[in-house]
Engineer: 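Got a structure for you, questions after.
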Amino acid sequence: MSGLNPPQLAAVSHCEGPLLVLAGAGSGKTRVIVEKMAHLVASGRFPARRIAAITFTNKAAREMRERVGRRLQGAAAAELTVSTFHSLGLRFLQIEHAAAGLKRGFSIFDSDDSTGQLRDLMTGAKPDAVEAARHLISRAKNAGLSPEQARLAARTGRELEAAKLYARYQARLQTFNAVDFDDLIRLPVAILESDADVTAAWRERIGYLLVDECQDSNDAQYRLLKALSGPRGDFTCVGDDDQSIYAWRGANPDNLLQMEKDYPQLKVIKLEQNYRCSNRVLRAANALIARNPHQHLKTLWSDQADGERIRVWECRDNEHEAERIAAEIAFLHDARQAPWSDFCILFRGNHQSRVLEKALQLLRIPYHLTGGTAFLERQEVKDALAWLRVLVNPDDDAAFLRAVQSPKREVGATTLTKLAELAAQAHLPMARVAESIGALKQLSPRAANGLSEFTDVVRDLRQHAAALSAAGLVRRLVDRTGLTVALRAQCKDPTSFERRRANLEELAEWFESGPRGAQVGDLAAQLALLSRNDKDDGGNQVRLMSLHAAKGLEFRHVFIAGCEDGTLPHEAALEEGTLEEERRLMYVGITRAKEGLWLSHSRETRRFREKIRLQPSRFLDELPAAELQRDGADPVADAERKRERANAGMAAIQALLRGE
């Protein structure tokens, strides 16, 4: 445990009773979690197999697993559980599926599957209404409510209708032997809170819990923590209430306050030494976040230099703003030999990225936009996943409907409607009805032949599944189903075909290390969780991303665009008077910067051909004036900047003349 500062050491050493570590931005919280796992194993308090570290993203879990593997090595590292909340819930349901009313090999519905089911249940409803209903049902599940509990908790007619729809939707999931992502937490909580024997078994299985980013937990996740850790509270929760920015998707920062009520013996340790940012950046961040109410106020500090002042730019409009940002990045790249990956541009809303991309393209600056189409959301990959789900779970109608049409095989909407009617009459899933000779006789010959071909392929793949590795099964599936041939027909040029075919090969490579004869059901479930993974490596490129996506990352130079009232803070927050989370979002953005920080705003914008005057973000006035360099406010600094630009320009011309 050498090299830890005193608060970090105290957090690692405390193993008796519940612990909350309030870890400021850049304060080394991941190292504390890794060192604590190593300490728990080395001290003999808990064997590695009974220690579980839980975080929120697959990417964070993978990085933590790699770090603890380097720290511990050997068998102990392999026995530790390091996963996301949803992966832990999946593991629970795979073991306790019967208690949840599920059969082995159940499917996991993604948001598209859920939306499709709700659209079917809400005949004639507009897309916005379907999405609103899905949001309300998800909110109820994140609160740990069953359909009946949601009905009793409904406070408005809209919530009551959503609760009734929730009951019908859940019944359909049960019929399909399926769960959605929210069920991966809700169902384990319901079982643990009602079955003492199962709870005792899982407390024996997991003796000590470590939870990262605990400020992002929703109510169901907090209840899962309580149920698994028991009244003794053998856990360490690490988080930062100042970085709680996900209330819109169910996170409840009040869980940290509730933790102190539920566990009177809770010890609280604050990590305030920052190892990332210059002191000037930290003083600005501290002043900003101090405006929010706090149960435990933190003041970040660093033993690094003050660094350059934070630049505040006033621009004509968002195009001028984008041009200035792109020009500054190009200048710093050339003048200081800074790699492109040193730079990040942050924004409040994804719509702001378009003008920034244009400005970067004009200067031929390579960039990577976080939040594009995720790998496992691509059409050809989702088609392969649908086939895999059908192999595992014949009751999964959503997967059947996609697979049977990928590729096209004379099975159109009329045939599928008829098949759905026959399935409803027989009270059977559509895939099982499609195998029935009696059902096929009621369809046109071409449709019947198409369905027969489909079921032949499914049988063939099931027969070979046990003898193939996970990756081998995916490759055989891609070839046997005709997905590759269909791709070739869809693509207009060889380059497009090769790129999309490579996506299918990459899908197989995800599971290259899978053991031969692996349970295909477990494979399909892991695939569903991986679709939430941020498989996002920008390489040596400027990064563009939303402030929400930036949490947990750091860059040498950071630009925050659109610092205007109505954008940051968001217009809805201004109208509702709920600025605390918007201020935390600005705080997250500021603390991504290691050295250079630019905050820019526009004087005006155009909406429907009309010029709208904009006001600078009120958050700018909450920053200490001494830490800022505003346009025109410091002629000496501005002149020095111009000289640096001129010298860099002359150096570039001389290099060009030399032929470099």
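Here the structure is a predicted model, which is why all the values come from computation and not from measurement.
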Engineer: Excluding sequence neighbours, so at least two apart, what forms side chain to side chain contact (heavy atoms under 4.5 Å, CB included) with Glu595?
Structural biologist: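 For Glu595, the residues satisfying side chain to side chain contact (heavy atoms under 4.5 Å, CB included) (neighbours in sequence not counted) are Arg556, His557.
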Engineer: For Ser600 versus Ala561, what's the shortest heavy-atom pair and its separation?
Structural biologist: OG-CA, 3.5 Å
Engineer: For Phe454, what residues pass the ring-ring contact (aromatic ring centres under 6.0 Å, His included) criterion, not counting sequence neighbours?
Structural biologist: Trp387, Phe400
Engineer: With a cut-off of under 6.0 Å to the ring centre and 45° to the axis, is Arg488 in cation-pi contact with Phe497?
Structural biologist: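 Satisfied, under 6.0 Å and within 45°.
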Engineer: Main chain of Ala448, side chain of Ser452: is a donor-acceptor contact present, judged purely on distance under 3.5 Å?
Structural biologist: yes
Engineer: Name all residues meeting the side chain to side chain donor-acceptor pair (under 3.5 Å) criterion together with Lys358; count only those two or more places apart in sequence or in a different chain, and write none if there are none.
Structural biologist: none
Engineer: Could you pull out all residues at least two apart from Asn449 that satisfy side chain to side chain contact (heavy atoms under 4.5 Å, CB included)?
Structural biologist: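 None.
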Engineer: Is the backbone of Leu401 close enough, under 3.5 Å, to the side chain of Gln405 for a donor and an acceptor to pair up by distance?
Structural biologist: yes
Engineer: What closest approach, in Å, do Leu184 and Leu90 show between heavy atoms, and which atom pair accounts for it?
Structural biologist: CD2-CA, 4.1 Å
Engineer: Under the side chain to side chain donor-acceptor pair (under 3.5 Å) rule, collect the residues that match up with Gln117, sequence neighbours excluded.
Structural biologist: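 Result, side chain to side chain donor-acceptor pair (under 3.5 Å) vs Gln117: Arg172.
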Engineer: For residues Thr415 and Arg446, is any side-chain donor paired with an opposing acceptor at under 3.5 Å?
Structural biologist: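 No donor-acceptor contact under 3.5 Å links the two side chains.
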Engineer: Could you give the distance from NZ (Lys141) to CG (Asn218), rounded to the nearest 0.5 Å?
Structural biologist: 13.0 Å
Engineer: Strictly distance-based, threshold 3.5 Å: is any side-chain N or O of Glu453 a donor or acceptor partner for the main-chain N or O of Gly450?
Structural biologist: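 Not a single qualifying donor-acceptor pair exists.
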Engineer: Please report the interatomic distance CG(Asp456) to CD(Glu435), rounded to the nearest 0.5 Å.
Structural biologist: 10.0 Å
Engineer: Does His548 use its side chain to pair, donor to acceptor, with the backbone of Ile245 at less than 3.5 Å?
Structural biologist: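 Pair found, side chain donor or acceptor close to backbone of Ile245.
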Engineer: Testing Leu477, Leu385, Leu388 for side-chain contact (heavy atoms from CB on, under 4.5 Å) with Leu507, which one passes?
Structural biologist: Leu385
Engineer: Who passes side chain to side chain donor-acceptor pair (under 3.5 Å) against Glu323, sequence neighbours left out?
Structural biologist: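 Partners of Glu323 under the side chain to side chain donor-acceptor pair (under 3.5 Å) test: none.
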Engineer: I need the Leu544 CG to Phe347 CZ distance, nearest 0.5 Å.
Structural biologist: 5.5 Å
Engineer: Arg402 and salt bridge (charged side-chain N to carboxylate O under 4.0 Å, His left out): which single residue from Asp396, Asp383, Asp397 fits?
Structural biologist: Asp383
Engineer: If only side-chain N and O atoms count, and only distance matters, is there a donor-acceptor pair under 3.5 Å linking Ser87 with Thr84?
Structural biologist: yes
Engineer: As an exercise, state the distance from OG1 of Thr123 to CG of Asp120, rounded to the nearest 0.5 Å.
Structural biologist: 6.5 Å
Engineer: For a quick test of reading the model, state the closest non-hydrogen atom pair linking Arg462 to Pro394 and the distance between them.
Structural biologist: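 Taking Arg462 first and Pro394 second, the nearest heavy atoms are NH2-CG, 3.5 Å.
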Engineer: Can you list everything that forms a ring-ring contact (aromatic ring centres under 6.0 Å, His included) with Phe176? Sequence neighbours excluded, please.
Structural biologist: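 For Phe176, no residue satisfies ring-ring contact (aromatic ring centres under 6.0 Å, His included) once neighbours in sequence are set aside.
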Engineer: Would you indicate whether the side-chain heavy atoms of Pro407 and Leu483 approach each other to under 4.5 Å?
Structural biologist: yes
Engineer: Any donor and acceptor pair, going by atom type alone, linking the side chain of Gln352 with main-chain N or O of Arg348 inside 3.5 Å?
Structural biologist: yes
Engineer: Got Leu443 and Leu451 here, is their nearest side-chain heavy-atom distance under 4.5 Å?
Structural biologist: yes
Engineer: Report yes if some heavy atom in the side chain of Glu63 is under 4.5 Å from a heavy atom in the side chain of Arg67; otherwise report no.
Structural biologist: no
Engineer: Just wondering, more than 12 heavy atoms not from Arg354 lying within 6.0 Å of its CZ?
Structural biologist: no
Engineer: Would you find a donor on one side and an acceptor on the other, under 3.5 Å apart, between the side chain of Arg543 and the backbone of Ser341?
Structural biologist: no
Engineer: Are the side chains of Val34 and Arg70 in contact, using a 4.5 Å heavy-atom criterion?
Structural biologist: no
Engineer: If you look at every heavy atom in Ala423 and Met430, which pair is closest and at what distance?
Structural biologist: CB-CG, 3.9 Å
Engineer: Could you grab the distance from atom CD of Glu498 to atom CG of Asn503, nearest 0.5 Å is fine?
Structural biologist: 11.5 Å
Engineer: Salt bridge check, Asp183 against Arg186: does any charged N sit closer than 4.0 Å to a carboxylate O?
Structural biologist: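 Yes, Arg186 and Asp183 are salt-bridged.
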Engineer: Are Tyr169 and Asp180 linked by a side-chain donor-acceptor pair shorter than 3.5 Å?
Structural biologist: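 A donor-acceptor contact under 3.5 Å links the two side chains.
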Engineer: Taking C-beta and beyond as the side chain, do Val588 and Leu346 meet within less than 4.5 Å on heavy atoms?
Structural biologist: no
Engineer: Check ring-ring contact (aromatic ring centres under 6.0 Å, His included) between Phe85 and all other residues, then give those that pass, not counting sequence neighbours.
Structural biologist: Phe56
Engineer: Do Asp317 and Thr605 pair up side chain to side chain, a donor and an acceptor below 3.5 Å, judged on atom types alone?
Structural biologist: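 Side chains of Asp317 and Thr605: no pair found under 3.5 Å.
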Engineer: Can the ring centroids of Trp313 and His601 be said to lie less than 6.0 angstrom from one another?
Structural biologist: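 No.
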Engineer: Which residues pass the side chain to side chain contact (heavy atoms under 4.5 Å, CB included) test with Asp395, not counting sequence neighbours?
Structural biologist: Lys103, Asn177, Asn393, Pro429, Arg432
Engineer: Any idea which heavy atoms bring Ala125 and Val130 closest together, and the distance?
Structural biologist: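 Looking at all heavy atoms of both residues, the closest pair is CB-CG2, 4.0 Å.
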Engineer: Is the backbone of Arg134 close enough, under 3.5 Å, to the side chain of Ser138 for a donor and an acceptor to pair up by distance?
Structural biologist: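 No: the side chain of Ser138 does not pair with the backbone of Arg134.
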Engineer: Any side-chain to backbone donor/acceptor pair from Asn540 onto Trp340? Under 3.5 Å, distance only.
Structural biologist: yes
Engineer: Would you name the heavy atoms of Asn318 and Val355 that are closest together and state the gap between them?
Structural biologist: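 Distance-wise, the nearest heavy atoms are O-CG2, 3.9 Å.
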Engineer: Give the C-alpha distance, both sets of side-chain angles, the deciding distance and a yes or no for side chain to side chain donor-acceptor pair (under 3.5 Å) between Ser83 and Arg65.
Structural biologist: CA-CA 8 Å; Ser83 73; Arg65 196 178 298 115; over 6 Å; no
Engineer: With a 4.5 Å cut-off on side-chain heavy atoms, are Phe106 and Val179 touching?
Structural biologist: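 Touching, per the 4.5 Å side-chain cut-off.
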Engineer: Are Glu321 and Arg324 within salt-bridge range, i.e. N to O under 4.0 Å?
Structural biologist: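 Between Arg324 and Glu321 there is no salt bridge, as every charged N stays at least 4.0 Å from the carboxylate O atoms.
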Engineer: Can you list the residues that meet the side chain to side chain donor-acceptor pair (under 3.5 Å) rule with Arg119, with sequence neighbours excluded?
Structural biologist: none
Engineer: Under a plain distance cut-off of 3.5 Å, with no hydrogens placed, do Tyr246 and Glu581 share a side-chain donor-acceptor pair?
Structural biologist: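 Result is no, nothing qualifies.
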Engineer: Would a 4.5 Å heavy-atom cut-off, applied to side chains only, mark Ile185 and His86 as touching?
Structural biologist: yes
Engineer: Not counting sequence neighbours, which residues clear ring-ring contact (aromatic ring centres under 6.0 Å, His included) with His570? List them please.
Structural biologist: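 ring-ring contact (aromatic ring centres under 6.0 Å, His included) list for His570, sorted by chain: empty.
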Engineer: What pairs with Arg500 under side chain to side chain contact (heavy atoms under 4.5 Å, CB included), at least two apart in sequence or on another chain?
Structural biologist: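 Arg500 satisfies side chain to side chain contact (heavy atoms under 4.5 Å, CB included) with Gln379, Glu380, Leu487, Gln490, Cys491, Ser496 only.
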Engineer: Within the structure provided, determine whether Thr55 and Ile33 are in side-chain contact (heavy-atom separation under 4.5 Å).
Structural biologist: no
Engineer: Strictly distance-based, threshold 3.5 Å: is any side-chain N or O of Ser406 a donor or acceptor partner for the main-chain N or O of Ala403?
Structural biologist: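 No, the answer is negative, given that no donor and acceptor are paired below the 3.5 Å cut-off.
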Engineer: Could you tell me whether the side chain of Arg592 and the main chain of Leu553 form a donor-acceptor pair under 3.5 Å?
Structural biologist: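 Answer holds: yes.
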Engineer: I need the Ile590 CD1 to Leu585 CG distance, nearest 0.5 Å.
Structural biologist: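 These two atoms lie 10.5 Å from each other.
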